[in-house]
Amino acid sequence: MTERYDPAAIEEKWRRRWEEARVAEVDTAVPGDEFYMLNMYPYPSASRLHVGHGRNYILGDALYRRERMAGRKALNPMGWDAFGLPAENAAIQSGVHPRDYTLDNIARMKEQLRALGLLYDWSKELASCEPSYYRWNQWLFLRMWERGLAYRKTAPVNWCPGCRTVLANEQVVNGRCERSDDVVEIRDLTQWFFRVTDYAERLLAGLDALPHWPERVKTMQRNWIGRSEGAEIFFRVEALVEPIAVFTTRPDTLFGATFLALAPEHPAVATLAERSPDRAAIEEFVEKVRRESRLERESEGGVKEGRDAGFVALNPATGKPIPVWIANFVLPEYGTGAIMGVPAHDQRDFEFARQYGIPIRPVYRTDEAELDPETMTAAAPHGGYLSGSGDWNGTPSGPQAIRRAVEWVEAKGFGKGKIVYRLRDWLISRQRYWGTPIPAIHCPGCGVVPVPDQDLPVLLPDDVDFFGAGGNPLEKSRAFVETRCPRCGGEARRETDTMDTFVDSSWYYLRFLNPRDEKRMVDRERAARWMPVDQYVGGIEHAILHLLYARFVCRVLQDMDLVDLEEPFERLFNQGMITRVNVATGRVEKMSKSRGNTVSPDELIERFGADTVRVYTLFIGPPEKESEWSEDGVSGAYRFLNRVHDLCARVRDLERGGSSGGAGSDTPLVRLEHRTIRRVTEDAARFHFHTAVAALMEFQRAIGEALESGSETPAALSGATKTLLKLLHPVAPHLTEEWWERLGESPFLLEAPWPEFDAELATSARVTLVVQVNGKVRGRLDVERGEGEASAVDLAQRDAQIRPWVEGREITRAVYVPDRLLNLVVR
RNA sequence: GCCGGAGUGGCGAAAUUGGUAGACGCACGGGACUUAAAAUCCCGAGGGCCGAAAGGCCCGUGCCGGUUCGACUCCGGCCUCCGGCACCA
């Protein structure tokens, strides 16, 4: 009949045409109607994209193309999160230099992005492993150091004695090194931190100013920041000069504090151990807990364990002595690393107290019912409201009582009100080679000295040894390590820690606006025009860390007056993951390289073309939900594009035959056309391309039927077909560009305006009115739009289907929803 | 335990504010075209019951209850699954 659909030829042709015309490149210096579209940049360790990631980029491209057709000047850049552990592991395992490995993967992934027909402004491309990028990480670090936002402190790390390396949590399996199987030690190392906790309050408050962020992400960030109001209370302890500070969210239960518990890591523990007759036992316990992995120690159902330190503290409220314990469930990094134990009003304290026979003393009588009666009678003879013994009127629990309790604690001089956060400072040090060198120099005389700005960038050396004795390869590079102190000129050592890759990704959205700028990190003026990012698209897995750090760094830059911007991402869209059945486990799991259930788009592109892969990937389901991948549906997408192709060919032949007659302005096809424009426009606005494609499938079929039956003029058919091409373009760009041109229009369809609908024409003239009797559907009436209630009731009563249900009964009520439904309530 | 999300045909799913449940697609069945197959096109289809058929009735959106003329949608209680976080004081 007609020529066959040849996706390979069409797609290569348009990839070239778009590239040659540089359609995606924008001059960020020239003002326009800016729309900044950003995909989270890919991490080129996985060597190939899989369809799970593919959905991110395909959706992003569809949104981008849609914005272009809406007439916006739109920027859609792509960069590479190029540093990181996998590249370094590849070097150790296969001897490939991380740089070669990374650049190789970038090249391959770029090829895949191109094959999918994704339009990026490659003139803005950046890779975080280039000195032109990471020098600004270093510059930022120095500025933060000056402001006290970068600092050093000790923190425990997983140390593998065999590899002489620090391990990531995920490299520790059952307390052993994943690679060498050595038992992992916990070592304290002095490391660099960013003081993100200083910004906790602002980061929390800022969430309220993000109406276009998914609620679930904001909730996750709120929980992560974890603000708690309470009080810091001081307990005098015999044998210690300084009192022990505890943090509690329930100062109102102070009367019920029957023990004090310290984290084994608490600084006072060493002193207590020294002065204890039981020193060996305490130290042994401390060591044991410290060896437990974080995971074990914090896991649900973990065993609570403690040792009585053998000393006594004074409860400031009762003046009575209480025992001091050391307990594994007290965490050193939260609050003060010490708690007051109130077994009557805290589940954990209760369990601990029962286990070790510590008295339980309720403060609120109303809470007694919640307590174990057995233990209560045995251990807690005392009861009574605090109002009786304290200075405030205690209403059990509640924010009111707590607020009053704080005031009371302050008035009595027991302590002071305090807000603590669950959020911890951002550990940016990595004992790795493949990252941004931290620009610091250790001088025996001057201490830790910053690298002067004019010496930036501190280049990552290429010739390092990945083998031999293990450890950070940078430490063994004499050319790198040996340097001079910038202050005294004496011999000194360079810092060999490198930065966490989240530093790279926390400001890259600004750098796309001036990627080759050697004079400054960010361009204030361009940022003022382009920022915030209008639409950020990425996976839900970055909901907390990346997005929180990006918000943090943005505020830091604002405080440094480098940009006038509080929040970097105005609209955020997080796709759900693509899942797939894992043959090994039989379970449906998220698609990931480590689980080995990935599908590469390459083979599908080869078989069906990129347009089919795009249509199917978007058709699979709503993008915000997770979707299970199955290849069974791909042929449906392919068949649809074939039908579009055939339809266009026939419309072209019709036009060649000489068109006669103008397009009708109010025909069934025209009305459907407008209805389809409305549906697709609205669906695309909420990223629901799956229903948009469904609408386009119906539209395509209707045009085909009209063509077959001759019920519409050639002009109407041609107009409808071109509308179909426009609406389909964001999803299937190559095929639609091709037929746009073949039907005599000039390229690019990408630059053609998005069609508009006429609200009047988008509604059909006749509607189906559903008739219910007592809420059950009993018939349907075909009526004029806007049919009145009286005549609808009349029609219904005379309808053969409906009559038997109402005949001989009294209609007590009629609910009429015009153009939709008539419900007759009968008795 | 806490937070978030979900549960609808054989499967992926749709139903924009409470108003025709299952659009669109996959797989399946039947038919057309073909010497044949593939491809393509057309038709059918939630379950049960009645009927020769046309057609009709009942049930049906995880479970139980409620509000309403009317509930996939709202409210209360529960179950299951997925994801995230967690002895956070």
Side-chain angles (χ1 to χ4, degrees), chain A residues 1 4 214-220 222-224 226-228 230 246-250 253 261 295 297-304 327-331 333-342 345-349 351-352 420-423 540-541 543-544 576-577 579 587-590 615-616 619-622 624-637 639-640 642-643 646 679 682-683 685-686 688 690-698 701 704 708 768-777 779-780 801 804 812-817 819-826:
Chain A
M1 179 181 73
R4 284 184 64 95
E215 213 47 57
R216 61 174 163 164
V217 173
K218 289 191 279 185
T219 304
M220 283 162 92
R222 283 190 192 105
N223 293 343
W224 186 260
R227 182 182 196 273
S228 294
V246 306
F247 174 75
T248 175
T249 52
R250 296 289 307 276
T253 63
L295 221 70
R297 198 163 150 192
E298 295 179 3
S299 75
E300 171 78 6
V303 188
K304 281 184 187 55
N328 68 346
F329 71 92
V330 182
L331 300 177
E333 60 278 318
Y334 186 79
T336 61
I339 63 159
M340 62 181 204
V342 186
H345 303 288
D346 182 282
Q347 184 62 31
R348 281 182 323 274
D349 296 350
E351 284 170 30
F352 190 77
V420 305
Y421 300 90
R422 181 188 171 280
L423 183 69
I540 189 72
E541 66 273 18
I544 295 179
M577 290 171 296
T579 61
R587 291 176 68 92
V588 176
E589 298 170 337
K590 78 170 185 180
V615 170
Y616 180 62
F619 191 61
I620 187 171
E624 69 276 13
K625 283 173 46 178
E626 59 180 53
S627 306
E628 187 180 340
W629 180 262
S630 148
E631 259 165 60
D632 294 343
V634 179
S635 58
R639 283 203 276 259
F640 168 57
N642 267 288
R643 287 196 297 268
D646 291 346
R679 280 176 70 183
E682 290 172 359
D683 287 346
R686 52 187 185 130
H688 279 201
H690 62 309
T691 49
V693 169
L696 291 171
M697 285 171 167
E698 291 179 50
R701 193 170 295 270
E708 201 71 35
T768 302
L769 189 69
V770 172
V771 181
Q772 298 181 338
V773 177
N774 287 344
K776 281 193 188 295
V777 179
R780 294 172 175 85
Q801 293 281 318
T812 56
R813 189 178 165 191
V815 179
Y816 185 60
V817 183
D819 303 334
R820 296 209 128 175
L821 166 138
L822 172 67
N823 187 13
L824 301 171
V825 184
V826 301

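Here is the naming used below: chain letters follow the sequence lines, and residue numbers restart at 1 for every chain.
Distances from the side chain of A:V777 to the nucleotides B:A89, B:G19, B:U20 place B:U20 closest. Closest to the side chain of A:N328, out of B:U16, B:U20, B:C87, is B:C87. Set against B:G19, B:C88, B:A14, the side chain of A:Y334 has B:C88 as its closest nucleotide. Side-chain atoms of A:T768 lie closest to B:U20 of the nucleotides B:U20, B:C87, B:A13.
Put simply, CZ on A:R820 is 14 Å from C1' on B:A21, counting in whole angstrom units. We find that CZ of A:R422 is positioned 19 Å from P of B:G1, with the value rounded to whole Å. For the pair A:E624 CD and B:A13 C1', the interatomic distance rounds to 13 Å; values are reported in whole Å. Across the protein-nucleic acid pair, A:R4 atom CZ and B:A38 atom P stand 15 Å apart, rounded to whole Å. Distance CD1 (A:I544) to C1' (B:G4): 11 Å, rounded to an integer number of Å. Remark: P of B:C85 and OH of A:Y421 are 22 Å apart, rounded to the nearest angstrom. Atom NE2 of A:H690 is separated from atom P of B:A23 by 14 Å (rounded to the nearest Å). For A:D646 and B:A39, the CG to P distance is 15 Å, given to the nearest whole Å.
Nucleotide B:U80 is matched to B:A6 when pairs are restricted to Watson-Crick or G-U wobble geometry with both distances under 3.5 angstrom. In a base pair of the Watson-Crick type (N1 to N3 plus N6-O4 or O6-N4) or a G-U wobble (N1-O2 and O6-N3), with each distance short of 3.5 Å, B:G1 is matched with B:C85. Nucleotide B:G22 forms a pair with no other nucleotide shown, judged by Watson-Crick or G-U wobble geometry with both contacts under 3.5 Å. Within the shown strands, B:C28 is the pairing partner of B:G44 under the Watson-Crick or G-U definition, both distances less than 3.5 Å.
If you check every strand for non-hydrogen atoms under 4.0 Å, A:R780 touches a base. Across all strands shown, A:R686 has heavy atoms under 4.0 Å from sugar-phosphate atoms exclusively, and none from any base. Counting any heavy atom pair closer than 4.0 Å across all strands shown, A:I620 reaches sugar-phosphate atoms only and no base atom.
For A:E698, the salt bridge (charged side-chain N to carboxylate O under 4.0 Å, His left out) partners two or more places apart in sequence, or in a different chain, are A:R679. In this view, A:R820 satisfies the side chain to side chain donor-acceptor pair (under 3.5 Å) rule with no residue, not counting sequence neighbours. Under the rule for a side-chain contact (heavy atoms from CB on, under 4.5 Å), the partners of A:R643 that lie at least two apart in sequence or sit in another chain are A:R639, A:F640, A:Q700, A:R701. Every side-chain contact (heavy atoms from CB on, under 4.5 Å) that A:R780 has, sequence neighbours left out, goes to A:T768, A:V777. Residues satisfying the ring-ring contact (aromatic ring centres under 6.0 Å, His included) test with A:Y616, not counting sequence neighbours, are A:W629. When the side-chain contact (heavy atoms from CB on, under 4.5 Å) test is applied to A:D683, the partners found at least two apart in sequence or on another chain are A:R686, A:H688, A:T691, A:A692. Residues meeting the side-chain contact (heavy atoms from CB on, under 4.5 Å) test with A:V825, sequence neighbours left out: A:N774, A:T812, A:R813.
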Discussion item. Could you walk me through whether A:V815 and A:Q772 satisfy the side-chain contact (heavy atoms from CB on, under 4.5 Å) test, starting with their C-alpha distance in whole Å, then the side-chain angles of each, then the deciding distance to 0.1 Å, before giving a yes or no?
Written reply: CA-CA 9 Å; A:V815 179; A:Q772 298 181 338; over 6 Å; no
Using nucleotides 60-62 of chain B, report all nitrogen or oxygen pairs with the protein that are shorter than 3.5 Å.
none

Within the sub-3.5 Å range, which N or O atoms of nucleotides 68-72 of chain B have a protein N or O partner, and how far apart are they?
residue : atom : partner : partner atom : Å
B:C69   : OP1  : A:R813  : NH1          : 3.1
B:C69   : O2'  : A:N823  : ND2          : 3.2
B:C69   : O2   : A:N823  : ND2          : 2.3

N/O to N/O distances under 3.5 Å, protein versus nucleotides 24-26 of chain B:
residue : atom : partner : partner atom : Å
B:G25   : OP1  : A:R701  : NH2          : 3.3
B:C26   : OP1  : A:R639  : NE           : 3.0
B:C26   : OP1  : A:R639  : NH2          : 2.6
B:C26   : O3'  : A:D632  : O            : 3.4
B:C26   : O2'  : A:D632  : O            : 3.2

Could I get a table of every N or O pair under 3.5 Å where one atom is in the protein and the other is in nucleotides 5-9 of chain B?
none

Response to the item:
With sugar-phosphate taken as primed atoms, P, OP1 and OP2 and all else as base, the protein-contact string of nucleotides 53-59 of chain B at under 4.0 Å (heavy atoms; B, S, -) is ---SSSS
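Separating the C1' atom of B:C85 from that of B:U16 is a span of 33 Å, rounded to the nearest Å.
Residue whose closest nucleotide on RNA chain B sits further toward the 5' end, between A:V770 and A:G621: A:G621.
Nearest heavy atom pair, residue A:G337 against residue A:V330, reads O-CG1, 3.5 Å. Residues A:D349 and A:G341 come closest through the heavy atom pair OD2-CA, 3.5 Å.
Taken from CG in A:L696 to CZ in A:F619, the straight-line distance is 10.5 Å, to the nearest 0.5 Å. Distance OH/A:Y816 to CG/A:L821: 9.5 Å, rounded to 0.5 Å. Within the model, atoms CG of A:N642 and CZ of A:R4 stand 7.0 Å from one another, a figure rounded to the nearest 0.5 Å. With values rounded to the nearest 0.5 angstrom, A:Y334 atom OH is found 9.0 Å from A:R422 atom CZ.
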